[in-house]
Amino acid sequence: EENKVKVKVLLFARARELVGGSEFDLAVKEGATTADCVAELTTRFAALEVMRDSIVVALNFDYVTDPVKVKDGDELAIIPPISGG
Amino acid sequence: EENKVKVKVLLFARARELVGGSEFDLAVKEGATTADCVAELTTRFAALEVMRDSIVVALNFDYVTDPVKVKDGDELAIIPPISGG
Amino acid sequence: MEREAVKKMKEGKDDVLDIVDTTIDMGKYVDAVRDPGAGAISTFIGTTRDTFQNKEVIELQYEAYKPMAILELKKICTLARSKWSLIGIAVAHRLGTVPIGEESVFIAVSSVHRKDSLDACQFIIDELKARVPIWKKEVYSNGEVWKENAEFLQRAQVRS
Amino acid sequence: MEREAVKKMKEGKDDVLDIVDTTIDMGKYVDAVRDPGAGAISTFIGTTRDTFQNKEVIELQYEAYKPMAILELKKICTLARSKWSLIGIAVAHRLGTVPIGEESVFIAVSSVHRKDSLDACQFIIDELKARVPIWKKEVYSNGEVWKENAEFLQRAQVRS
């Protein structure tokens, strides 16, 4: 079996409601990027498809735009459009 | 004796301290203006001379710049540079 | 009665303008501008400083030409409402001795959208310093001085 | 010890950043930025509104990605301090259900001169709305919606 990297995924607000959960572990292939993780997520949770274009992600508490390779134990947060204030 | 107009004069802050009083009546000739009142005041209270260039006056609670004729019972306030806030 | 309520909402709340001799109760003035239709309340608090040009300030004393000060504040509120869409405005200025670090002036402005109250709050303190007849004396260990707001002097220059 | 005190003064006070589940104690945060060297404290209060596009809002619910929210707030404070001369910054955001008219966010900034804290206060609320991971759901009589800050969407567009 090929090596897997386990990432902790956090979901908030509308994303959390669509998926029906706020936190779970995602196992991806070694070398996978944040973009791969999002693709994997939207495959697994079809409900997320409706907000795919507006999803921003944060890796270990920092916004990332270009795909970044994930490591075992990373925390990946799905950030729907924010509305604080 | 010619007709006199009685104006209530109010002094504040440094002007009050220089004159040693905060309120008194000033009798001026009928037809006298706010500028005449200030001239009369600085004559009567020589101590005010040091701040003459920085004095602004208010007539009946409104700033006046050009000389305005005063009427009996008017309230004329000597407004040294303000420092509220 | 419903019509009255709508009318009131559109016109905003009455301005609350106070000159006080004691500590300023900031919560009271925030509550005065608070409104279910407001999304933002911006406030400005002027506090007394312990130093001026490296001289230690021991005490500050404020005095005002009270009736004119209130009228000038009212004019500033009317001006602010003509420039921005505001709900409530409250301004309180303290007189007498104000200990170091305490409030001398408090301004609270509410609006539907934040930009209005933020800009109006800045405008009101700028105008207050330029035209409201209130004076401050700073007492140092070796003397005292009546302060002069640059905002007033600049405007006086334009006037004359 | 005196050297310590001077050093502290020059560097300003530590930022106070809170995410709370109850009413925001505004006095506490004003006191946190209060300083004998400060001449001005500017604050911004975000309050919940009863209507959005003529729909009556019954309730508002906030949630946050807490650790990241605090880190983003810290970055905003550092940015603000690099742009303006500030003494203290305090930011508190409330989570959970916030009744209409109550505070959802409170920002207090102190400075020697007022322009710094006024501008910094506006900058901090603008940045907060653009980047701090906090979400608000508005509940109406006939549905609910997760709000989206225009400030965030604009920046996301620039990013991608």
Side-chain angles (χ1 to χ4, degrees), chain B residues 7-26 33-39 41-42 45-85, chain C residues 19 44-49 52 60-76 91-95 98 103-107 122 124-139 144-160:
Chain B
V7 174
K8 179 175 161 190
V9 174
L10 298 181
L11 296 158
F12 295 95
R14 193 174 171 213
R16 175 180 51 73
E17 290 188 340
L18 287 170
V19 167
S22 61
E23 182 179 334
F24 57 90
D25 291 333
L26 183 74
T33 66
T34 48
D36 296 328
C37 292
V38 172
L41 275 172
T42 45
F45 303 105
L48 278 179
E49 195 61 46
V50 297
M51 59 180 301
R52 189 168 184 176
D53 291 343
S54 64
I55 283 178
V56 171
V57 299
L59 185 65
N60 300 325
F61 316 116
D62 270 316
Y63 287 112
V64 290
T65 41
D66 296 326
V68 176
K69 205 192 281 186
V70 295
K71 304 180 311 295
D72 206 57
D74 275 355
E75 183 165 311
L76 182 76
I78 304 302
I79 312 276
I82 66 173
S83 40
Chain C
I19 309 262
F44 177 81
I45 306 165
T47 51
T48 51
R49 288 164 54 194
F52 175 72
L60 291 114
Q61 290 160 9
Y62 284 92
E63 70 179 69
Y65 181 19
K66 276 196 195 182
M68 181 172 166
I70 294 290
L71 286 168
E72 287 292 311
L73 284 173
K74 184 66 199 169
K75 287 179 198 167
I76 294 170
V91 183
H93 203 297
R94 182 172 173 184
L95 299 185
V98 180
E103 291 76 22
S104 53
V105 63
F106 184 71
I107 298 167
Q122 183 146 359
I124 292 168
I125 182 61
D126 287 349
E127 284 293 303
L128 185 150
K129 292 203 156 237
R131 59 189 287 183
V132 178
I134 297 177
W135 297 268
K136 170 169 75 175
K137 183 160 76 172
E138 284 187 354
V139 181
E144 54 181 47
V145 67
W146 286 99
K147 306 292 292 180
E148 305 186 347
N149 288 344
E151 298 84 351
F152 175 84
L153 298 174
Q154 282 151 15
R155 201 165 295 187
Q157 220 154 23
V158 173
R159 278 200 206 101
S160 62

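Order of the sequence lines fixes the chain letters, A, B, ..., with proteins taken first and strands second; residue numbering starts at 1 for each chain. What you see below is based on every heavy atom in this structure, not just the backbone, and it leaves out hydrogens, waters and symmetry mates.
Of the listed residues Gln61(C), Lys137(C), Glu148(C), the one with more heavy-atom pairs under 4.5 angstrom with chain B than any other is Glu148(C). Contacts with chain C were tallied for Ala77(B), Ala58(B), Pro80(B); Pro80(B) has the most, counting heavy-atom pairs under 4.5 Å.
When heavy atoms are compared at a cutoff of 4.5 Å, Leu71(C) approaches chain B solely by way of its side chain, counted from C-beta outward. Both the backbone and the side chain of Lys129(C) come within less than 4.5 Å of a heavy atom in chain B. Contact annotation for Glu103(C): neither backbone nor side-chain heavy atoms come within less than 4.5 Å of a heavy atom of chain B. With a 4.5 angstrom heavy-atom cutoff, Ala64(C) touches chain B only via backbone atoms. For chain C, the nearby part of Leu10(B) is the side chain; its heavy atoms alone come within less than 4.5 Å.
A donor-acceptor pair under 3.5 Å is formed between the side chain of Glu63(C) and the backbone N or O of Ala13(B). Of the possible polar contacts, one joining the Ser104(C) side chain to the Gly46(C) backbone as a donor-acceptor pair under 3.5 Å is found. Side-chain atoms of His93(C) never come within 3.5 Å of backbone atoms of Phe106(C) as a donor-acceptor pair (strictly under, hydrogens ignored). A donor-acceptor pair is defined here as one N or O able to donate and one able to accept, closer than 3.5 Å; such a pair exists between the side chain of Tyr62(C) and the backbone of Gly85(B). Under the 3.5 Å distance criterion, the side-chain polar atoms of Tyr63(B) are matched with a main-chain donor or acceptor of Arg131(C).
At a heavy-atom cut-off of under 4.5 Å, chain C is reached by Glu75(B) from residues 67-76 of chain B, listed in order of number.
In summary, Lys75(C) and Glu72(C) engage in a salt bridge, as defined by a charged side-chain N under 4.0 Å from a carboxylate O. The pair Arg155(C)-Glu127(C) meets the salt-bridge criterion, with a side-chain N (NZ, NE, NH1 or NH2) lying under 4.0 Å from an Asp/Glu carboxylate O.
Shown here for Phe12(B) and Ile78(B), the closest heavy-atom pair between the two residues is CD1-O, 3.7 Å. Summarising the geometry of Trp135(C) relative to Tyr65(C), their closest heavy-atom pair is CZ3-N, 3.6 Å, with the distance given to 0.1 Å.
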